[in-house]
Amino acid sequence: MNLQRAEFLTSIADLAKLPKDGLPQITFSGKSNVGKSSVINRVLNRRNFARVGETPGKTVHINFFRIDERAYFVDLPGYGYAKVPLAEKERWGKLMEQYFSVPERVSLGILIVDARHKPTADDVTMASYFQNTGRPFVIVANKLDKLKKSEIEPNLALIRQTLRLDDAAKLIPFSAEKGTGRDELVKEIFRVCGE
Ligand code: GDP
């Protein structure tokens, strides 16, 4: 597995259509605009693979990318965009609950938060989805390049505390823009894929 062959597979709103070939599923989630597409692009070393700057809050879909025919990157719908109609928010909640109701489905959960801010209530909910599955997960604190050096440690501590991460949980300081943290994240991905 070298992350060189990446193809967009499908976008689904209905979990009955999930791929059933048993390849590991590596999920990416985070609030709208946190840089989820940019993180995926950075991991794949591509510029415009997962779309960047999409209109936030459009209909909830799960995007599947097949990577080297060895794994799926699962792009879960962004959340927390204020202007989303209630019905759409409910759809999001239902889709996430269904997706995470089969814990074995998730080989690695990657939750992306904004390194600059205290995680939102939705981030806390998302982190608890991961922690409750008991499956491997990592938190990526993106946009690190926007922090002053002196802000990094206190911000990471606040993220850990707000998401109630235990000491064993991995929190990766990351910048999709600069590439900071990419190697560490790729190592986690390879590890769960048995590489
Ligand atoms: P998504 O909605 O979560 O998929 O977020 P996008 O990947 O579309 O990114 C949202 C905005 O944040 C874009 O303008 C990106 O260029 C910017 N962005 C993403 N990651 C970083 C980062 O690490 N540093 C900086 N400075 N900007 C970033």
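If you're wondering where the values come from, they're calculated on a predicted model, not measured in any experiment. Indexing begins at 1, ligand by ligand and atom by atom, following the structure's order.
- In this structure, Glu97 does not pair ionically with Lys94, as no charged nitrogen and carboxylate oxygen lie closer than 4.0 Å.
- Neither the backbone nor the side chain of Lys178 has any atom closer than 4.0 Å to an atom of ligand 1 (non-hydrogen atoms only).
- With a 4.0 Å cut-off on non-hydrogen atoms, Asn142 touches ligand 1 through its side chain and not its backbone.
- Residue contacts with ligand 1: Lys36 is placed with a nitrogen or oxygen under 3.5 Å of a nitrogen or oxygen of the ligand (distance criterion only).
- When only interatomic distances are considered, the shortest N/O to N/O separation between Val34 and ligand 1 falls below 3.5 Å.
- One side chain, Asp123 or Tyr79, offers a donor N or O that lies under 3.5 Å from an acceptor on the other.
- Distances from atom 25 (C) of ligand 1 to the heavy atoms of Asp145, Val140, Val39 show the closest one on Asp145.
- Remark: distances from the non-hydrogen atoms of Ser175 to ligand 1 include one below 4.0 Å.
- Nearest heavy-atom pair, Ile159 versus Ala141, reported as atom, atom and distance to 0.1 Å: CD1-CB, 4.1 Å.
- Residue-to-ligand polar distances keep Leu144 apart from ligand 1: every N/O pair is separated by 3.5 Å or more.
- At least one N or O atom of Ser38, backbone or side chain, sits closer than 3.5 Å to an N or O atom of ligand 1.
- At a cut-off of 3.5 Å, with distance as the only test, a side-chain donor of Tyr99 or Gln25 sits close to an acceptor on the other residue.
- Checked for salt-bridge contact, Arg5 and Glu69 meet the test: a charged N lies under 4.0 Å from a carboxylate O.
- The heavy-atom pair separating Asp114 from Val34 by the smallest distance is N-CG2, 3.6 Å.
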